[in-house]
Number of protein chains: 2
Amino acid sequence: MAKRVSHRDSMCGVARPLDAIGDWWSLLIVRDAFDGLRRFGEFQKSLGLAKNILSARLRNLLAHGIMETVPAADGSPYQEYVLTEKGRGLFPLLVALRQWGEDFFFEPDEAHVLLVDRKNGLPVRRLELRAQDGRVVGAEDTMVRLPAGKGIA
Amino acid sequence: MAKRVSHRDSMCGVARPLDAIGDWWSLLIVRDAFDGLRRFGEFQKSLGLAKNILSARLRNLLAHGIMETVPAADGSPYQEYVLTEKGRGLFPLLVALRQWGEDFFFEPDEAHVLLVDRKNGLPVRRLELRAQDGRVVGAEDTMVRLPAGKGIA
DNA sequence: TCGGATGGTTTTAATTTGAAACCATCGTGT
DNA sequence: ACACGATGGTTTCAAATTAAAACCATCCGA
């Protein structure tokens with residue numbers, strides 16, 4: 001937690017979120033939350049991590065406003081963990097991660113889960129970054145503009 | 001490295017990439033590589049991490065085929081680290097991370113770097129996930145379809 | 001041939017992680 | 001009322017990881 005940030009990362013738009021997600025367990029928890037999991041035990045069973053670690057990660061997600069606890073849901077006396085709006089904002093990131101995984105981590109013939117449109121069951125399109133005029137742009141077509149002129153951040 | 005994966009993550013399209021990126025330092029290295037950094041010393045200065053850690057991370061990125069070394073570039077007798085196609089495939093993920101950061105980690109009046117179109121300097125659009133028919137879809141509109149029918153993965 | 005720049009590795013301490021044991025609360029059965 | 005299992009954690013302690021610093025090697029110009 002509270003990872004050390006480099007001298008220039010105080011202003012960096014990439015490092016700041018990384019500090020909040022902290023580690024990959026957190027992102028897997030968020031993924032499971034998108035899948036509808038809400039209870040401590042559900043996350044633990046799904047991810048197979050130690051309870052103390054899950055506890056720490058959930059605490060961190062709560063502290064960063066990515067998840068929140070709600071008092072009940074089905075009458076149980078326990079609390080449940082649900083995504084906040086900030087947490088739901090991670091959806092594109094998860095999709096990007098998933099699509100990258102599909103592209104490079106599965107053999108061509110290897111079956112893998114597919115993200116599909118709920119309406120008709122068809123796979124979703126690939127994420128594309130577009131310029132204001134609608135052109136699809138890649139990394140080569142973009143640059144970062146600095147607000148005041150310091151590092152390369 | 002070689003993080004333990006849960007019992008079901010062998011098939012999960014999200015956990016697999018996470019194993020390759022490993023930790024957030026790796027992603028910051030990739031980000032810097034997109035920014036044009038290529039040399040060991042450049043990464044070290046930019047990120048401010050210990051040299052042994054940078055060394056280990058670069059080794060891991062090489063092992064996963066995310067970066068590769070090229071013999072020279074400007075005559076120096078040293079090697080340089082550049083992104084492979086697989087590494088360049090991380091661009092949408094970085095954009096997603098950056099946009100999420102812009103949304104939730106900066107005060108409304110706080111200046112921050114902006115990803116802009118190189119052609120005209122205008123900010124790029126937000127990433128949007130679209131269905132086959134072009135509709136913009138959110139998390140609620142999607143689900144994962146399993147290849148054979150097991151867990152919820 | 002000295003000395004600095006570059007690109008690492010080794011060594012050692014501090015932090016984090018993880019497994020297991022432990023504990024507390026609630027609900028149920030009897 | 002009381003035992004007991006399920007749930008949701010915390011504590012303890014060993015193992016792995018990370019970080020800082022020191023060290024080492026190579027190339028290069030003066």
Legend entry - From B:Ile21, B:Leu93, B:Leu90, residue fulfilling side-chain contact (heavy atoms from CB on, under 4.5 Å) relative to B:Val30: B:Leu90
Measuring to OP1 and OP2 of [N], would you say a side-chain N or O of [X] lies under 4.0 angstrom away?
X	N	value
B:Arg57	D:dT17	no
A:Arg38	D:dT7	no
A:Ser55	D:dT10	yes
B:Arg39	C:dT6	no

Interatomic distance where [atom1] belongs to [X] and [atom2] belongs to [N] [whole Å]:
X	N	atom1	atom2	value
A:Asn52	D:dT12	CG	P	13 Å
A:Lys45	D:dT7	NZ	P	10 Å
A:Trp24	C:dT17	CH2	C1'	18 Å
A:Phe40	C:dC26	CZ	C1'	17 Å
B:Leu54	D:dT18	CG	P	13 Å
B:Leu62	C:dG7	CG	P	14 Å
B:Trp25	C:dT16	CH2	C1'	16 Å
A:Asn60	C:dT16	CG	P	12 Å

Legend entry - salt_bridge(A:Asp133, B:Lys119) N-O dist < 4.0 Å: no
Inset, instruction - Give me the ring orientation class for A:Phe105 and A:Trp100: parallel if the planes are under 30° apart, tilted from 30 to 60°, perpendicular past 60°. - result: perpendicular
Atom pairs and distances, donor-acceptor, side-chain atoms in residues 136-143 of chain A, under 3.5 Å, two or more places apart:
unit_1: A:Asp141; atom_1: OD2; unit_2: A:Gly138; atom_2: N; d: 2.9
unit_1: A:Thr142; atom_1: OG1; unit_2: A:Ala139; atom_2: O; d: 3.2

Legend entry - Partners meeting ring pair (Phe, Tyr, Trp, His ring centres under 6.0 Å) with B:Phe34 (sequence neighbours left out): B:Phe91
Inset, instruction - Give one of base, sugar-phosphate or nothing for A:Tyr81, where a contact means two heavy atoms less than 4.0 Å apart. - result: sugar-phosphate
Inset, instruction - Quick one: do B:Asn52 and B:Ser55 satisfy side chain to side chain donor-acceptor pair (under 3.5 Å)? Show the steps, please. - result: CA-CA 5 Å; B:Asn52 54 349; B:Ser55 187; over 6 Å; no
Legend entry - Contact nearer the 5' end of DNA chain C, comparing B:Gln79 with A:Ile53: B:Gln79
Inset, instruction - Report yes or no: does B:Gln44 contribute a side-chain atom to a donor-acceptor pair with the main-chain N or O of B:Phe40 at less than 3.5 Å? - result: no
Where do N or O atoms of nucleotides 23-30 of chain D meet protein N or O atoms at under 3.5 Å, pair by pair?
none

